[in-house]
Number of protein chains: 4
Amino acid sequence: MEKHQLIIDATCDLIAENGLQATPISSVAKEAGCGAGTIYRYFETKEELIEAVYLSLMERFTSACLENLDRTASVREQLNTIWLNLYHYMREVPRDALLLDQLSVAPAISAALQERGKRDLKATIDPIFTRGRQEGLIKDIPDDVLGVFVYGGISTLLRTDRNAPCVVPTVVTDDMLLSICWGAIEKRD
Amino acid sequence: MEKHQLIIDATCDLIAENGLQATPISSVAKEAGCGAGTIYRYFETKEELIEAVYLSLMERFTSACLENLDRTASVREQLNTIWLNLYHYMREVPRDALLLDQLSVAPAISAALQERGKRDLKATIDPIFTRGRQEGLIKDIPDDVLGVFVYGGISTLLRTDRNAPCVVPTVVTDDMLLSICWGAIEKRD
Amino acid sequence: MEKHQLIIDATCDLIAENGLQATPISSVAKEAGCGAGTIYRYFETKEELIEAVYLSLMERFTSACLENLDRTASVREQLNTIWLNLYHYMREVPRDALLLDQLSVAPAISAALQERGKRDLKATIDPIFTRGRQEGLIKDIPDDVLGVFVYGGISTLLRTDRNAPCVVPTVVTDDMLLSICWGAIEKRD
Amino acid sequence: MEKHQLIIDATCDLIAENGLQATPISSVAKEAGCGAGTIYRYFETKEELIEAVYLSLMERFTSACLENLDRTASVREQLNTIWLNLYHYMREVPRDALLLDQLSVAPAISAALQERGKRDLKATIDPIFTRGRQEGLIKDIPDDVLGVFVYGGISTLLRTDRNAPCVVPTVVTDDMLLSICWGAIEKRD
DNA sequence: AATGAATGAGAATTCATTCAT
DNA sequence: TATGAATGAATTCTCATTCAT
């Protein structure tokens with residue numbers, strides 16, 4: 001693998017395991033198998049490295065959420081796919097879930113960068129919501145609000161479970177989760 | 001005011017504004033109007049100070065959520081009160097919302113402390129959910145799951161809004177919010 | 001007891017137990033049952049307190065060495081008394097032995113103060129040595145050298161034993177000790 | 001010279017001159033001609049540096065005592081060599097004598113480390129004493145007691161002289177010293 | 001290009017001393 | 001007179017960043 005990516009991966013692992021403030025460049029270098037100076041060939045500052053880590057995380061996150069998405073399927077099926085992808089990804093790759101928690105409060109991650117990290121996902125999801133509203137399927141509330149609410153619900157559920165383990169995964173079936181998510185956005189007459 | 005509380009308040013402000021890692025004891029001292037050594041009369045370590053900050057935050061958070069709660073009212077009315085309290089509190093006191101974000105990933109905040117911080121709120125909310133389920137009002141899914149989901153939805157909504165300001169508050173009415181929340185937990189035949 | 005003496009005693013205990021650098025004024029105050037500020041009524045600085053501690057130690061040391069000394073007895077009997085007093089005192093009051101170790105390297109204890117601390121003891125011992133030499137009993141070497149050598153031997157013996165306990169006290173009888181001491185100073189034809 | 005040794009040497013000088021507690025890492029750095037952080041590349045803590053300083057001192061001390069020792073010579077000649085080596089070393093290298101005084105009460109120097117520091121010297125001296133006793137030359141008292149007594153006598157003599165200078169060196173000839181030392185351990189019929 | 005030793009600014013913490021009460 | 005809260009200089013130690021090799 002490229003050294004550039006090797007460094008990013010090492011940083012992901014260490015931040016997820018130890019937290020951002022307990023991850024000095026020197027330990028990244030050790031984990032990546034290179035000298036500390038080498039890291040500065042690829043990233044001008046630690047902040048820039050963190051930004052790269054964030055973008056790499058959001059890429060994985062995005063493609064995990066969109067995996068096996070059938071863009072010709074119904075709105076309901078597409079959202080089901082995305083939500084379950086999200087749910088399973090954060091359950092099965094806690095490293096990335098922890099990483100996201102850490103980075104979401106890091107001063108290095110600006111609002112602009114966050115926007116950029118989410119752009120691709122939004123570009124896919126927004127049209128689905130739009131169509132859903134056209135079909136009279138979802139509430140007359142801005143897409144962002146509904147989408148973010150559901151994302152926040154799912155991710156918070158799993159974060160809570162990580163802190164007090166083993167409650168959610170054994171109890172919450174895929175059907176239950178979808179029932180909650182749809183309840184939140186579905187339009188009722 | 002007591003110096004003890006003065007220090008806690010100064011710390012709240014600084015962490016909310018600059019983040020936990022950008023809040024050294026020296027700056028807390030300056031903000032609190034005392035010498036750095038003075039802080040160590042009241043808190044043995046910085047970690048202990050952070051713990052006190054967290055507990056003070058959770059107290060405010062809890063009493064804000066339970067404000068004007070009529071414990072004799074219906075399940076629906078009580079949850080409406082709590083959710084709107086939560087929503088308005090986090091919108092109107094962004095300092096505490098930001099603080100909560102920072103502290104939720106702080107190594108100083110152990111799982112046990114988190115449990116303690118949430119205890120009072122849970123002790124009030126859990127019985128409401130229990131009654132709601134007995135009345136056939138809410139889904140047959142553990143209270144924790146539903147409660148955490150809604151909390152996660154609301155708080156994430158507002159966090160997103162803080163990063164890309166002015167979208168939510170002007171658009172999301174109280175009624176919209178409650179419609180989303182109830183949709184997530186309400187049982188439909 | 002006088003507060004002045006109470007403070008000195010507390011300091012003795014704490015330095016012997018924890019060492020000089022691990023004995024802050026605040027802990028002396030706690031041990032002496034008074035406020036930290038009170039100590040500064042009796043001693044202008046910590047250094048001055050240490051000096052007082054040293055002098056109080058040397059007083060106890062001196063009177064312990066001279067206990068039951070029969071100034072009309074023979075040179076041999078008098079030195080035997082002093083040496084055994086010294087030996088038993090340092091064995092039975094390890095607090096003072098430890099204290100002496102700590103203070104002997106403290107910057108607060110000047111050469112002049114050391115001289116003052118030892119003055120009374122020297123004033124008694126020197127004439128005995130002088131008489132011993134007149135009687136042809138001891139080597140033609142300055143009193144200081146002989147006296148200090150024997151003192152150094154005994155105190156080092158006990159310090160070593162304190163570090164690697166239980167070797168000396170069970171083995172070295174009073175007769176053995178005197179045989180060593182006298183051997184060191186006694187004149188042989 | 002190696003930076004590692006440079007730091008140790010600087011520390012030796014400073015502790016001997018100012019005492020252990022008046023030797024902060026910052027001053028060691030200045031004396032060693034490097035940044036404070038550099039010291040922590042070579043020693044994990046200040047305590048570890050002090051330990052290294054102690055071991056380096058004991059190495060010099062040991063080789064000084066054993067210099068020109070003829071292991072085929074008689075017991076008397078060997079002990080004479082060692083005692084005079086010790087005496088001259090501590091007189092001519094007061095820096096190391098002062099250093100030893102400081103370190104002997106340092107909390108950083110554990111009993112185990114002291115044992116390790118003295119091991120080589122003991123390994124050489126003990127057999128000489130054993131042989132001396134077999135030859136009926138020395139008292140029937142444990143080697144440790146006799147050896148430590150003499151060591152304590154010599155070192156205390158020189159310490160006293162350092163505090164009230166110029167008394168001993170001009171007066172105490174090598175012969176006098178040996179007469180005292182042998183007197184202390186020699187068996188008389 | 002890669003390294004890792006060196007740097008020094010900045011962090012948490014301690015403690016002798018002061019002073020208002 | 002006695003107190004102990006308050007102070008801030010000084011200490012140990014960390015770590016992002018640089019640069020000679």
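Throughout, protein chains are lettered first and strands after them, A, B, ... in sequence-line order, and every chain is numbered starting at 1. Values in this document were obtained by computation on a predicted structure and should not be read as measured data.
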Can you tell me the distance, in whole Å, between the [atom1] atom of [X] and the [atom2] atom of [N]?
X	N	atom1	atom2	result
K30(A)	dA2(E)	NZ	P	21 Å
E48(D)	dC13(F)	CD	P	10 Å
I50(A)	dC15(F)	CD1	C1'	13 Å
Y42(B)	dT7(F)	OH	P	9 Å
H4(D)	dA6(E)	NE2	C1'	16 Å
I39(B)	dG8(F)	CD1	P	12 Å
I7(B)	dA5(F)	CD1	C1'	11 Å

When rounded to the nearest 0.5 Å, the distance separating CG of L99(B) from OH of Y54(B) is 10.5 Å
Separation between CG (D120(A)) and CZ (F61(A)), nearest 0.5 Å, reads 12.5 Å
Taking a pair to mean Watson-Crick or G-U wobble geometry with both distances below 3.5 Å, dA1(E) pairs with none
Answer for the Watson-Crick or wobble partner of dT7(E), both distances under 3.5 Å, is dA16(F)
Closer than 3.5 angstrom, by distance alone: can the side chain of S104(C) be matched with the main-chain N or O of L100(C) as a donor-acceptor pair?
yes
Looking only at atom types and distance, does a side-chain atom of S27(C) sit under 3.5 Å from a main-chain N or O of T23(C), one as donor and one as acceptor? no
In short, salt bridge (charged side-chain N to carboxylate O under 4.0 Å, His left out) pairs touching residues 9-34 of chain D with sequence neighbours left out are D13(D)-R95(D)
Shortest non-hydrogen pair, Q102(D) vs V105(C), comes out as NE2-O, 3.3 Å
Once base and sugar-phosphate atoms are separated, protein heavy atoms under 4.0 Å mark nucleotides 13-21 of chain E, 5' to 3', with B, S and - as BBSSBB---
